A.B. asks: 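One structure follows; several queries about it will come next.
Every value quoted in this text rests on a predicted model; they were computed, and no experiment measured them. Atoms within a ligand are numbered from 1 in the order they appear, just like the ligands themselves.
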Amino acid sequence: MKILGRVCVASLLLCVILWLCWIKANVREPAERRPSLLPHVLQLPGYSRLPDGEPLVRNPCNTCAVVSSSGQMLGSGLGPQIDQAECVLRMNTAPTVGYELDVGSRSTLRVVSHTSVPHLLRNQTYFFQQSQDTVYVIWGPPKQMDIDQGITYRALLQAKSKFPGVNIYALTQNMMAHCDQVFQNETGKDRAKSGTFLSTGWFTMILAMELCEEVSVYGMVSESYCRDRTQPPVPYHYYEKGRLDECTTYMMHERASRGAHRFITEKAVFSRWARRKRIYFKHPSWEA
Ligand SMILES: *[C@@H]1O[C@H](CO)[C@@H](O)[C@H](O)[C@H]1NC(C)=O
Ligand SMILES: *[C@@H]1O[C@H](CO)[C@@H](O)[C@H](O)[C@H]1NC(C)=O
């Protein structure tokens with residue numbers, strides 16, 4: 001009886017050992033420990049999807065073209081080059097139709113100010129139906145973008161229910177505070193106390209650095225550009241010819257004590273980032 005018992009235990013043990021060996025041989029290591037051939041997926045919690053609040057999740061872009069709305073783009077002929085980037089990031093409702101040669105025609109993502117949302121909503125068939133592959137990332141203060149009370153947020157929710165296929169994200173209020181903090185770190189000035197509104201370009205550059213391995217920037221001048229009086233005037237926006245002049249607008253905002261964008265200060269910060277990261281200013285072309 002005793003011997004039989006030992007044999008039984010021994011064979012059971014052998015079975016268990018053999019089984020463990022088989023498992024070790026056949027079960028692959030968890031995916032994260034294997035050197036993956038697939039690109040890793042980014043999770044960006046600063047951007048929350050409408051209506052469910054999920055973070056922005058997608059593969060990183062190897063190359064990005066960040067296209068500003070500046071009049072610098074007029075006559076550039078850079079459309080084909082811009083369209084070759086894996087991801088094309090635009091600002092607000094800057095049109096491509098009719099400007100393809102200079103600004104390209106693809107829009108992977110648009111960063112949109114709460115103040116431009118009414119323009120989006122006025123042309124929903126174009127932005128949310130014809131261009132529904134574009135991801136919309138909206139920034140704004142709590143009064144506009146709070147998920148319970150924000151007026152703009154509510155209007156966007158309505159648009160989302162009308163066009164369920166569209167991808168709309170809102171910067172979380174944490175992310176808004178983070179962007180303020182980045183401004184303070186870089187300039188030594190409190191964003192609100194210094195009477196400053198961040199520009200859509202600021203939010204776009206921060207998102208581009210999170211999303212893209214390499215960023216080519218189109219239509220952003222250097223911080224010293226507007227000091228050089230020999231530069232020919234260009235419109236503030238390429239799609240609003242004959243209205244504001246870019247450098248005049250930049251200088252006016254830079255000097256204003258309250259409620260102003262600091263386009264030139266922001267450019268100086270972008271230039272510092274370009275010394276550390278793969279950010280290239282293509283048009284006008286300048287070195288950080
Ligand atoms: C909507 O936008 C498209 C593309 O920019 C433009 O061609 C069209 O005229 C716009 N429609 C309205 C009603 O504004
Ligand atoms: C601001 O600077 C501090 C000190 O260098 C750093 O710890 C913090 O991460 C920075 N924050 C941002 C948002 O850049």
A.B. asks: Nearest protein heavy atom to atom 5 (O) of ligand 2: under 4.0 Å?
C.D. replies: no

A.B. asks: Looking at R272 and E186, does any basic side-chain N land under 4.0 Å from a carboxylate oxygen?
C.D. replies: yes

A.B. asks: Apply disulfide bond (SG atoms under 2.5 Å apart) to the pair C61 and C87, showing each step before the final yes or no.
C.D. replies: CA-CA 6 Å; C61 306; C87 300; 2.1 Å; yes

A.B. asks: Kindly say whether the aromatic ring centers of Y47 and Y169 come within a distance under 6.0 Å.
C.D. replies: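 Centroid separation for Y47 and Y169: 6.0 Å or greater.
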
A.B. asks: List the closest protein heavy-atom neighbour of atom 14 (O) of ligand 2: residue, atom name, distance to the nearest 0.1 Å.
C.D. replies: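 For atom 14 (O) of ligand 2, the nearest protein heavy atom comes out as N185 ND2, 3.0 Å.
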
A.B. asks: Indicate the ring-plane relationship of F270 and W273, choosing parallel, tilted or perpendicular according to the 30° and 60° boundaries.
C.D. replies: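 Taking W273 first and then F270, their aromatic rings sit tilted (interplane angle of 30° to 60°).
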
A.B. asks: For atom 8 (C) of ligand 2, is the nearest protein heavy atom closer than 4.0 Å?
C.D. replies: yes

A.B. asks: Find all atoms of ligand 1 within a distance of less than 4.0 Å from any non-hydrogen atom belonging to Y126, and give their numbers and elements.
C.D. replies: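 Counting atoms of ligand 1 from 1, those under 4.0 Å from Y126 are 1 (C), 2 (O), 3 (C), 4 (C).
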
A.B. asks: Does the protein place any heavy atom closer than 4.0 Å to atom 11 (N) of ligand 2?
C.D. replies: yes

A.B. asks: E86 and N62: side chain to side chain donor-acceptor pair (under 3.5 Å), yes or no, with the steps?
C.D. replies: CA-CA 7 Å; E86 187 184 338; N62 288 308; 3.2 Å; yes

A.B. asks: Just do the side chain to side chain contact (heavy atoms under 4.5 Å, CB included) check on L42 and V57 with the steps written out, would you?
C.D. replies: CA-CA 6 Å; L42 286 175; V57 176; over 6 Å; no

A.B. asks: My understanding is that we take every heavy atom of each candidate and find the minimum distance to atom 13 (C) of ligand 1. Doing that for T125, N123, T93, which one comes out nearest?
C.D. replies: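 It is N123 whose heavy atom sits nearest to atom 13 (C) of ligand 1.
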
A.B. asks: Under 4.0 Å and counting heavy atoms only, is there anything from the protein next to atom 2 (O) of ligand 2?
C.D. replies: yes

A.B. asks: Enumerate the atoms of ligand 2 whose separation from the nearest heavy atom of H178 is less than 4.0 angstrom.
C.D. replies: 13 (C)

